Protein chains: 2
Amino acid sequence: MKEPIQVFADYIAKNNLKVTPQRMLIVEVFLKDEGHLTTEELYERVKKADPSVGQATVYRTMKLLCDSGIAKEVHFGDGVARYEQSYGSKHHDHLICERCGKNLEVIDDQIERLQDELAAKHGFVLTSHRMYLYGVCSDCRSGK
Amino acid sequence: MKEPIQVFADYIAKNNLKVTPQRMLIVEVFLKDEGHLTTEELYERVKKADPSVGQATVYRTMKLLCDSGIAKEVHFGDGVARYEQSYGSKHHDHLICERCGKNLEVIDDQIERLQDELAAKHGFVLTSHRMYLYGVCSDCRSGK
DNA sequence: TTACCTGCAAACAGTTTGCAGGCCG
DNA sequence: CGGCCTGCAAACTGTTTGCAGGTAA
């Protein structure tokens, strides 16, 4: 399996785009984190390494990362776009604690299968789906 | 079971709010539609009945409807809030056609149960969830 | 009468875009 | 060199809010 960074490099090459220090820095920052960073958070981290980078470049680059397939935009419901790694990491859903904001990536094969069946029952062929489970984690319940 | 409009009236009374023509008009327009209207769409329809109503009032009223429990805000991923009826209509998920925009409300008891189990496995107690299935409907596939 | 409401416009937050200069290939 | 890139600031979109006047109870 190729490295995500390589996937991005291939994408750049194939589309006659250019490898720039800004893009490389942003990809690096993005890949270093396991979570679901907002553009703002990515921008903050990027600025620490190079304060001259503009916010627009972060927005533009994240779009490129999505197009290249190594990033995926997710929305948790608060009107802010977040990004997670999508290349090499399996599809998953989200389990979010409403108190502390903790966010687990979860997956259940049986649910995945039932989703396809449910869609098929209505004549749909699924291309993707998003499932967000909101609740309270055990830490927050015991700490209450 | 009470009528949604009655639920809203009770909410108004209980919170020392007031019944105004604008609010009544907006509720009426909202309840008349089965779908998932955006604030913009609601505003357009409201204006047809009374052009003097302002957009802010629509926003403010939809928030009230959500608080009162007869409306629910949903996000399909395009950064626009939509509203659907939530009082008297069972929980459901969404099956969206990516080509024609068709939107079915679906539900699968087995999936609902597995979601609870999946959350419990991670120590969570679920309070709610959102599931959006994206695909292509049979009409669009055959019409292609 | 007294809150609460309303329309308007300004303010906001997140995101996009036009532009003039800069840099990769 | 030529076209893609960048930072900046202005523009945009969806939504919220302050205000002065209006209205339900």
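Remember, it's a predicted structure, so these values are computed and weren't measured experimentally.
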**Prompt:** Rounded to whole angstrom units, what separation is found between the NZ atom of B:K18 and the C1' atom of C:dC4?
**Reply:** 4 Å

**Request:** Would you kindly compare B:P51 and B:N15 by the position of their nearest DNA chain C nucleotide and give the one closer to the 5′ end?
**Result:** B:N15

**Request:** Counting heavy atoms from C-beta on, name the nucleotide in C:dT15, C:dC24, D:dA24 closest to the side chain of A:P21.
**Result:** C:dC24

**Request:** Take atom CG of A:D78 and atom C1' of D:dT15, then tell me their distance rounded to the nearest Å.
**Result:** 14 Å

**Prompt:** Would you call the rings of A:H91 and A:H129 parallel, tilted or perpendicular if under 30° counts as parallel and over 60° as perpendicular?
**Reply:** perpendicular

**Short side-chain N/O contact from A:S52 to OP1 or OP2 of D:dT6, under 4.0 Å** = no

**Request:** Calculate, to the nearest 0.5 Å, the distance between atoms CE and NZ belonging to A:M62 and A:K72 respectively.
**Result:** 13.5 Å

**Request:** Using side chain to side chain contact (heavy atoms under 4.5 Å, CB included) as the criterion, point out the one residue from B:L65, B:T39, B:V74 that pairs with B:Y83.
**Result:** B:T39

**A:T39 side-chain N/O to C:dT15 phosphate OP1/OP2 under 4.0 Å** = yes

**Prompt:** Could you give the CG-to-P distance, from B:L25 to C:dC5, as a whole number of Å?
**Reply:** 17 Å

**Message:** Quick check on C:dT6: is either OP1 or OP2 less than 4.0 Å from any side-chain nitrogen or oxygen of B:T20?
**Reply:** yes

**Request:** Would you mind reading off the distance between B:E40 atom CD and D:dG14 atom C1', rounded to a whole angstrom?
**Result:** 9 Å

**Asked** Toward the 5' end of DNA chain D, which comes first, B:V19 or B:A56, by nearest nucleotide?
**Response** B:A56

**Message:** If I take atom CD in residue A:E44 and atom P in nucleotide C:dG14, what distance separates them, rounded to the nearest angstrom?
**Reply:** 12 Å

**Request:** Please state how far atom CG in B:N16 lies from atom C1' in D:dA25, giving the value in whole angstrom units.
**Result:** 10 Å

**Asked** Rounded to whole angstrom units, what separation is found between the OH atom of B:Y83 and the C1' atom of D:dG14?
**Response** 10 Å

**Item:** Short side-chain N/O contact to C:dT15 OP1/OP2 from A:K63, under 4.0 Å
**Value:** no

**Message:** With nearest nucleotide decided by heavy atoms, which residue, A:R23 or B:R60, maps closer to the 5′ end of DNA chain D?
**Reply:** A:R23

**Asked** Is there a side-chain polar atom (N or O) of B:Y59 under 4.0 Å from OP1 or OP2 of D:dT16?
**Response** no

**Message:** Less than 4.5 Å apart, side chain to side chain, heavy atoms only: is that true for A:M131 and A:I111?
**Reply:** yes

**Message:** Among B:T61, B:V29, B:V46, exactly one meets side chain to side chain contact (heavy atoms under 4.5 Å, CB included) together with B:V53. Which residue is that?
**Reply:** B:V46

**Complete:** Whole-Å distance, B:Q55 CD to D:dG18 P, equals 18 Å

